[in-house]
Amino acid sequence: MLTRWQAAPAPWGAPASRWLGVALIAAGTAVVVECFLRFALRGLGTPAPIAPTAHLVVSGLYRHVRNPMYVGVMAAILGQALLLGRAVLLAYAAAAGAVFFAYVLLYEEPVLRRRFGTEYERYREAVPRWRPRATPWRGPGPR
């Protein structure tokens with residue numbers, strides 16, 4: 001544990017940063033839980049490479065961004081940095097983001113291209129990797 005959940009004076013100022021931190025942790029956690037459930041119930045699998053989904057998941061938050069779980073994890077880490085006022089968590093977020101980016105680019109996307117072919121290519125062209133679309137993609141129906 002980098003911080004042992006011990007707070008420091010917030011270098012970012014006002015107590016509002018702590019509340020924003022709580023909101024980011026809650027939102028990030030909700031995103032990750034929703035995505036895990038969607039993988040199990042709609043994709044009939046898990047996010048883990050050893051038990052992948054049987055179907056490409058393109059419903060729910062996946063209609064806005066291709067990697068909502070990673071976005072949720074990053075939101076939770078940044079929320080912890082704000083809540084605890086610990087700059088070390090910003091460095092951790094940067095390192096985690098770099099690992100996520102490399103993993104998605106070098107492993108996840110090539111595997112999805114091979115497994116789902118044209119279906120994944122259509123999805124990839126329409127839905128951004130990290131920055132959510134304002135409107136949901138209206139590609140194939142929900143799975």
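What you see is a predicted model; the values in this text were computed from it and never measured.
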Test of understanding: with side chain to side chain contact (heavy atoms under 4.5 Å, CB included), list the residues that count as partners of [X], not counting sequence neighbours.
| X | answer |
| --- | --- |
| P132 | H64, V65 |
| P52 | R115 |
| A75 | L24 |
| R114 | P110, V111 |

side-chain hydrogen bond (donor to acceptor under 3.5 Å, both in side chains) partners for Y62, two or more places apart = none
Applied to residues 89-99, the salt bridge (Lys or Arg N to Asp or Glu O under 4.0 Å) test, sequence neighbours excluded, yields none
Mark yes or no for whether R63, through its side chain, and W137, through its backbone, hold a donor-acceptor pair below 3.5 Å.
-> yes
How would you list, by chain and number, every residue that makes a salt bridge (Lys or Arg N to Asp or Glu O under 4.0 Å) with R124, sequence neighbours excluded?
-> E121
From L112 atom CG to Y120 atom OH, the distance as rounded to the nearest 0.5 Å = 5.0 Å
Using a 3.5 Å cut-off and no angle test, enumerate the donor-acceptor pairs between side-chain atoms of residues 27-34 and protein atoms at least two apart in sequence or in another chain.
residue : atom : partner : partner atom : Å
T29     : OG1  : I25     : O            : 2.8
E34     : OE2  : R38     : NE           : 2.7
E34     : OE2  : R38     : NH2          : 2.5

What donor-acceptor contacts under 3.5 angstrom involve side-chain atoms of residues 95-108, with partners at least two apart or in another chain?
residue : atom : partner : partner atom : Å
E108    : OE2  : Y70     : OH           : 2.7

Which pairs with one or both residues in residues 71-90 pass ring-ring contact (aromatic ring centres under 6.0 Å, His included), sequence neighbours excluded?
-> none
If you link I, L, V, M, F, W and Y whenever their side-chain heavy atoms are under 4.5 Å apart, who else ends up in the same group as W19?
-> none
Give every residue pair that meets the side-chain hydrogen bond (donor to acceptor under 3.5 Å, both in side chains) criterion with at least one member in residues 43-54, sequence neighbours excluded.
-> none
